[in-house]
Amino acid sequence: AKDPAAGLQARWRALTTMGRLDAAAFRQEIESALQSSEWLLRNAGLLAVQGDDRDRAVAWSVKLLKDPALMVRTQAVRN
């Protein structure tokens, strides 16, 4: 998920899979994605964080409600 050479689609899929498998175990990678400069990774991070505890998911969603990317803001509302 961190390797830019892997391409955005592969990185997005890796992050969302981490969230489905065990978001708590991959918390560091997911939080790194939530702080990424790339909107697609922030969006994937929001999807992945849904698998973690509810309070953490809500906190990140509220934080990203003011994201510059419409897709990220939309996912934050959905969370």
Side-chain angles (χ1 to χ4, degrees):
K2 293 182 181 181
D3 182 13
L8 284 175
Q9 183 177 7
R11 294 165 69 196
W12 187 88
R13 187 172 304 275
L15 280 164
T16 56
T17 300
M18 287 178 196
R20 285 194 305 268
L21 290 176
D22 189 354
F26 293 108
R27 192 171 280 165
Q28 184 177 5
E29 289 84 354
I30 293 169
E31 290 195 0
S32 176
L34 288 163
Q35 298 172 33
S36 173
S37 62
E38 298 172 276
W39 73 265
L40 195 71
L41 296 181
R42 293 192 305 275
N43 184 65
L46 280 172
L47 289 168
V49 81
Q50 289 177 342
D52 206 337
D53 70 83
R54 186 71 184 144
D55 291 338
R56 183 175 300 278
V58 169
W60 274 107
S61 295
V62 168
K63 188 180 291 189
L64 290 174
L65 283 173
K66 295 181 181 179
D67 193 89
L70 176 61
M71 294 298 292
V72 175
R73 294 192 310 266
T74 301
Q75 186 58 49
V77 170
R78 289 179 180 168
N79 278 8

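Worth knowing before you read on, the calculation uses all heavy atoms, side chains too, and leaves out hydrogens, waters and symmetry mates. In this text, all values refer to a predicted model and were calculated from it rather than measured experimentally.
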Nearest 0.5 Å, please: how far is CD in E38 from CH2 in W12? 14.5 Å
Looking only at heavy atoms, what is the nearest atom pair of R11 and L41, with distance? NH2-CD1, 2.9 Å
What heavy-atom pair brings M71 and W39 nearest, and what distance separates the two atoms? CB-CZ3, 3.5 Å
Give, for atom CG of L65 and atom CH2 of W60, the distance between the pair rounded to the nearest 0.5 Å. 13.0 Å
Kindly give the heavy-atom pair with the smallest separation between A23 and G51, and that separation in Å. CB-C, 3.4 Å
Compare every heavy atom of R73 with every heavy atom of D67, then report the nearest pair and how far apart it is. O-NH1, 2.8 Å
Restricting to non-hydrogen atoms, name the atom on A33 and the atom on G45 that form the minimum distance, rounded to 0.1 Å. CB-CA, 4.4 Å
Through direct or indirect side-chain contacts below 4.5 angstrom among Ile, Leu, Val, Met, Phe, Trp and Tyr, which residues connect to L70? none
How about I30 and R27: do any of their side-chain heavy atoms sit closer than 4.5 Å? no
CG-NZ distance between L46 and K63, expressed to the nearest 0.5 angstrom: 11.0 Å
Going by side chain to side chain contact (heavy atoms under 4.5 Å, CB included), L64 matches just one of N43, V72, V77, V49. Which one? V72
Backbone of S37 reached by a side-chain donor or acceptor of R42 within 3.5 Å: yes
